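Everything on this sheet refers to the single structure shown next.
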Amino acid sequence: MAFGNTVNSMSEILCCVFNYNLNENAERWLDFLSLHYDTCVLDSGSKVKNPRFRLYPNIYYTGMYNEACRLCLEGEYRWLMIITSDITIDADNSLRLVERIETIAKTLNVGLYQPSCDASSRSLNGKHIGNGELRHTAWQEGYFHLINRAVVEAVPFIDPTINQIGCGIDSVLAHKCSLLRRLILIDDSVVIHHPKDKGYNAHKGRVQNRAMQQAMGLTGDYTMVDDEILYANN
């Protein structure tokens, strides 16, 4: 299974760009990533329809996550990359991102990988700290994931009737990653920008996140941090 332009040696990675009304930036990601990976844009009901994208009604983050997982598993990819189309990256960091992903894709013990964010970004634990190293963390946010297939298989579907917005999917992925004894990495050698606007109602996101966790049989303590919920392992 292939998407976008001609695929090079990294065809074991499927990249899905999640888009809603940011077509220009989504297409920029598509053009760049298609040079290296099987890439598609999952468009969730944007007002302007781009024929290069896979077009859906407004299925929100959860619907795009479910579709990305389906495409990854059906295509027998080893890695799924998820990028929201509001993310931006400069040319130098783009090159470093590809180099780092090539290294990560060869590992056996990494479950989740994510670049760091610049100082002006909205990020709870992913801000760039300047040492140029990979660091292990207990959790990473859902605007950018490189997810190992084993973790995708552990969380292949989220019920959109319970959690439409998708708040908390990132913490479930981290929880499953921990159970699989896989590393969760943030990369301080690569820097991206993530806008401060959440793009969703924080209270509604909290309510849906709690309902999702309960429906999945997850129990434990919730810690509120800047209107986000982190799941604490039992």
Side-chain angles (χ1 to χ4, degrees), residues 2-19 22-42 52 64-65 68 72 77-152 170 173-174 177 182-197:
F3 302 98
N5 298 333
T6 302
V7 177
N8 294 332
S9 60
M10 297 295 288
S11 60
E12 62 183 7
I13 297 175
L14 171 64
C15 181
C16 293
V17 180
F18 290 6
N19 182 55
L22 292 174
N23 290 13
E24 184 177 346
N25 208 42
E27 194 160 29
R28 188 178 298 115
W29 276 113
L30 177 63
D31 290 340
F32 167 63
L33 294 169
S34 294
L35 299 174
H36 307 280
Y37 320 109
D38 286 2
T39 303
C40 61
V41 175
L42 306 184
R52 297 183 65 198
M64 290 186 283
Y65 173 83
C72 173
Y77 292 92
R78 288 189 59 242
W79 297 89
L80 171 62
M81 192 189 311
I82 290 172
I83 303 175
T84 58
S85 62
D86 57 345
I87 296 295
T88 55
I89 189 171
D90 64 27
D92 289 341
N93 280 287
S94 296
L95 295 176
R96 287 195 291 271
L97 177 65
V98 171
E99 292 172 355
R100 183 68 91 180
I101 288 175
E102 184 173 0
T103 300
I104 295 296
K106 296 175 183 176
T107 65
L108 299 175
N109 64 339
V110 175
L112 291 165
Y113 163 87
Q114 180 180 94
S116 58
C117 283
D118 64 23
S120 64
S121 294
R122 178 175 65 86
S123 180
L124 298 179
N125 71 335
K127 291 288 184 69
H128 179 66
I129 61 175
N131 64 5
E133 302 292 334
L134 289 165
R135 54 186 157 100
H136 181 251
T137 182
W139 171 75
Q140 60 178 222
E141 292 161 86
Y143 49 81
F144 189 118
H145 289 306
L146 179 64
I147 315 171
N148 184 272
R149 182 184 177 91
V151 182
V152 176
D170 45 16
L173 288 170
C177 199
R182 300 291 183 103
L183 297 175
I184 303 171
L185 300 177
I186 292 178
D187 188 357
D188 286 306
S189 74
V190 181
V191 183
I192 59 177
H193 175 72
H194 180 223
K196 288 185 178 296
D197 180 23

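Just so you know, these numbers come straight off a predicted model, no measurement behind them.
Listed here is the closest heavy atom pair of Ser189 and Asn93: O-OD1, 4.0 Å. Nearest heavy-atom pair across Trp29 and Ile87 is NE1-O, 2.7 Å. Here the closest heavy-atom approach between residue Leu97 and residue Pro115 is recorded as CD1-CG, 3.9 Å. Nearest heavy atoms, Leu146 versus Met81: CD1-CB, 3.9 Å. Nearest heavy atom pair, residue Cys72 against residue Leu14, reads N-CD2, 3.6 Å. Here the closest non-hydrogen pair linking Gly142 and Thr84 is O-CG2, 4.2 Å.
Applying the side-chain hydrogen bond (donor to acceptor under 3.5 Å, both in side chains) rule to Arg78 yields the partners Glu12; only residues at least two apart in sequence or on another chain are considered. Qualifying side chain to side chain contact (heavy atoms under 4.5 Å, CB included) partners for Leu22, counting only residues two or more places apart in sequence or in other chains: Asn19, Ser85, Asp86. For Arg149, the side-chain hydrogen bond (donor to acceptor under 3.5 Å, both in side chains) test picks out Glu153, with sequence neighbours left out. Under the rule for a salt bridge (Lys or Arg N to Asp or Glu O under 4.0 Å), the partners of Arg28 that lie at least two apart in sequence or sit in another chain are Glu24. Applying the side-chain hydrogen bond (donor to acceptor under 3.5 Å, both in side chains) criterion to Asn148, with sequence neighbours excluded, gives Arg182. Residues meeting the ring-ring contact (aromatic ring centres under 6.0 Å, His included) test with Phe144, sequence neighbours left out: none.
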Test side-chain contact (heavy atoms from CB on, under 4.5 Å) on Arg52 and Asp31 and set out the steps.
CA-CA 10 Å; Arg52 297 183 65 198; Asp31 290 340; 2.9 Å; yes

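Rounded to the nearest 0.5 angstrom, Asn25 CG and Thr88 OG1 are separated by 6.5 Å. With values rounded to the nearest 0.5 angstrom, Cys117 atom SG is found 10.5 Å from Gln140 atom CD. With rounding to the nearest 0.5 angstrom, the NE2 atom of His36 is 10.0 Å from the CD atom of Glu102. If you take CG on Asp170 and CH2 on Trp139, they are separated by 5.5 Å, rounding to the nearest 0.5 Å. For the atom pair Phe18 CZ and Ile82 CD1, the distance stands at 4.0 Å (nearest 0.5 Å). In this structure, CG in Leu30 is found 9.5 Å from CG in Leu35, a value given to the nearest 0.5 Å.
Under the 4.5 Å side-chain criterion, counting only non-hydrogen atoms from C-beta, Ile192 is in contact with Tyr143. Counting heavy atoms from C-beta on, the side chains of Tyr113 and Ile101 come closer than 4.5 Å. Residues Phe32 and Thr39 form no side-chain contact, since every pair of their non-hydrogen atoms from C-beta on lies 4.5 Å or further apart.
Screening Asp187, Thr103, Asp188 for a side chain to side chain contact (heavy atoms under 4.5 Å, CB included) with Leu134, the sole residue that qualifies is Asp187.
In this structure a side-chain-to-backbone donor-acceptor pair under 3.5 Å is present from Thr107 to Ile104. A donor-acceptor pair under 3.5 Å links the side-chain atoms of Trp79 to the main chain of Ala105, judged by distance alone.
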